[in-house]
Peer 1: 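This structure is in structure tokens; I'll ask about it shortly.
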Number of protein chains: 2
Amino acid sequence: MSLWERLDRPGDPAHQARPALTVQRIATVAVGIADTNGLGAITMRRLAKDLGVAPMAAYRHVEGKDDVLELMVDHVYGEVKLPAATDWRTTMRALACGVRALVLEHPWLTQLPATRAVFELTPARMALAERALAALRGAGIDADTSMSIFRTVTAYVHGATSNELGLRQLMADQGWTDGAESRTGLASRMTWLLNTGRYPTFERYIREAAHKDDPQWQFDVGLDALLDGIATRISRPRRS
Amino acid sequence: MSLWERLDRPGDPAHQARPALTVQRIATVAVGIADTNGLGAITMRRLAKDLGVAPMAAYRHVEGKDDVLELMVDHVYGEVKLPAATDWRTTMRALACGVRALVLEHPWLTQLPATRAVFELTPARMALAERALAALRGAGIDADTSMSIFRTVTAYVHGATSNELGLRQLMADQGWTDGAESRTGLASRMTWLLNTGRYPTFERYIREAAHKDDPQWQFDVGLDALLDGIATRISRPRRS
DNA sequence: CATGGTTGGATACGTTGTACACACGAGTGA
DNA sequence: TCACTCGTGTGTACAACGTATCCAACCATG
């Protein structure tokens, strides 16, 4: 029986000895640990302790730690909601912002092995893809282009949020609270590098940029540019 | 003395006892291991064995495994070359394709902790950023917009390549060689999910799409859309 | 030659994921 | 009612990992 089959069969009361452990409970508790203590705190022993069972108990329900991570991803992706059918652009924008909000709420999403984060097919992720693809289809866009748009947007969102979270986590690790402080801290970290004089344009950015500390602005600008480009390509279909 | 300072001082022949180990050699050997055996093979013990020294020897030159990963990233990013100054779009396109080529050659880049992969400032990464930012500056683009463009393009590239590599690795793990074979394999893996009937549009894609197995096409289409959108926003500067 | 700092070696510890054998307890067929 | 079986949780154990710590060998300098 597959992992997702087990997930779909919550209590199964008429079946054999009823377990105190279920995949749902494992997923919920694991997400709780990661939310408060980071992905590094996800340990089969820690998980078992928080579940109130022996270290090996969870292995009756998952094949290993990888399964736990997969369950966690699926569990939180259920939180992303798309608005009822509107135009494709509104849907894709909602998808992008929804996933970004999800990642900001569960920062560990950007820390897990990239393979799993980006590609793994879990029910909740597929449901999200289904909603987005259906919206694109509703706009009369063919299958190849639909998937291309979906992939491109999610690729941008993953890259952008990883970047944003990377900085945010670095700041948290170092105890920096605002942009100015972190620039000072970063500067001291990069003093030697910058003093090599090899990066004049980079230094210029550090001096001149005004939107340095506004990740929302940065995310939106990039996303809008991307959606603009997609829109023109849809209205004027390209060759090949 | 910082890690990068040590990196810049290769032999330092007039200094104290000369080491058989250098950060360069550590980086080179580590990259070799990861290239042939994957990131999972990077172990301080394995690294030491391939270096021909005792397990703890490397710790005289790096603070820990994290430093090794950082060195590896920096080492391979030196491979990315940008063409001599042309227009900004050509430069950004070269940057995107160069990084993609790099990732395809060193797939482990997508597997390391995302924080490190996306944000870490190493000399080679900063040199690349410097080149790209200088090209944008040369086109008369202001500091905020330059950095925004750079971040957006690299975000897309990282997301897209992670996605592409994720699929490629899954295929390699399962021994699938072409698209058709992997679709069969994937199908059997998702049979239960698809049989729930919850993903009709997704199924339609699997049946209809023609460019499913052309990652280069997918990458280019998304990148061109993104660059199109950026171009229109540069020529018609937006408010705020 | 003596000295001090730098390099590599050896040993050891705590933590991790997980294999394995066992114990319990409820459902089923006699 | 009584084995019997199967699904569940427990206890113990092991190999592999990152790395702290102490020690020996070396070289440039006085």
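Quick note on labels: first sequence line is chain A, next is B, and so on, each numbered from 1.
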Peer 1: How is A:L51 classified with respect to the nucleic acid when contacts are heavy atoms under 4.0 Å: base, sugar-phosphate, or nothing?
Peer 2: nothing
Peer 1: I need the CE-P distance between A:M44 and D:dG11, as an integer number of Å.
Peer 2: 17 Å
Peer 1: Rounded to whole Å, how long is the line connecting atom CG of A:L39 with atom P of C:dG17?
Peer 2: 11 Å
Peer 1: Kindly compute the distance separating CG (B:L102) from OG1 (B:T161), expressed to the nearest 0.5 Å.
Peer 2: 9.5 Å
Peer 1: To the nearest 0.5 Å, how far apart are CD in A:E70 and CH2 in A:W4?
Peer 2: 5.0 Å
Peer 1: Are B:Y156 and B:F219 close enough that their ring centres sit under 6.0 Å apart?
Peer 2: yes
Peer 1: For A:H75, check ring pair (Phe, Tyr, Trp, His ring centres under 6.0 Å) against everything at least two apart and list the hits.
Peer 2: none
Peer 1: Atom CG of A:L47 and atom P of C:dT16: how far apart are they, to the nearest Å?
Peer 2: 12 Å
Peer 1: To the closest 0.5 Å, what do you measure between SG (B:C97) and CD (B:Q216)?
Peer 2: 6.5 Å
Peer 1: Nearest whole angstrom, please: distance from the C1' of D:dC22 to the OH of B:Y59.
Peer 2: 17 Å
Peer 1: Do B:S148 and A:Q218 have side-chain atoms, one donor and one acceptor, less than 3.5 Å apart?
Peer 2: no
Peer 1: What is the distance, to the nearest angstrom, from the CD atom on A:E63 to the P atom on C:dG17?
Peer 2: 16 Å
Peer 1: Mind checking the CD1-OG1 spacing from B:I206 to B:T201? Nearest 0.5 Å is all I need.
Peer 2: 11.5 Å
Peer 1: Which nucleotide in the set D:dG9, D:dT19, C:dG17 lies at the smallest distance from any side-chain heavy atom of B:K65?
Peer 2: D:dT19
Peer 1: Distance check: side-chain N/O of B:H61 vs OP1/OP2 of C:dT6, anything under 4.0 Å?
Peer 2: no
Peer 1: Are any protein N/O atoms closer than 3.5 Å to N/O atoms in nucleotides 9-13 of chain C? If there are, list each pair with its distance.
Peer 2:
from  : atom 1 : to    : atom 2 : distance (Å)
C:dG9 : OP2    : B:A54 : N      : 2.5

Peer 1: Provide, to the nearest angstrom, the distance between the CZ atom belonging to A:R25 and the C1' atom belonging to D:dG9.
Peer 2: 12 Å
Peer 1: Return the value, rounded to whole Å, for the distance between atom NZ of A:K49 and atom P of C:dT16.
Peer 2: 10 Å
Peer 1: Nearest whole angstrom, please: distance from the C1' of C:dG17 to the CZ of A:R46.
Peer 2: 17 Å
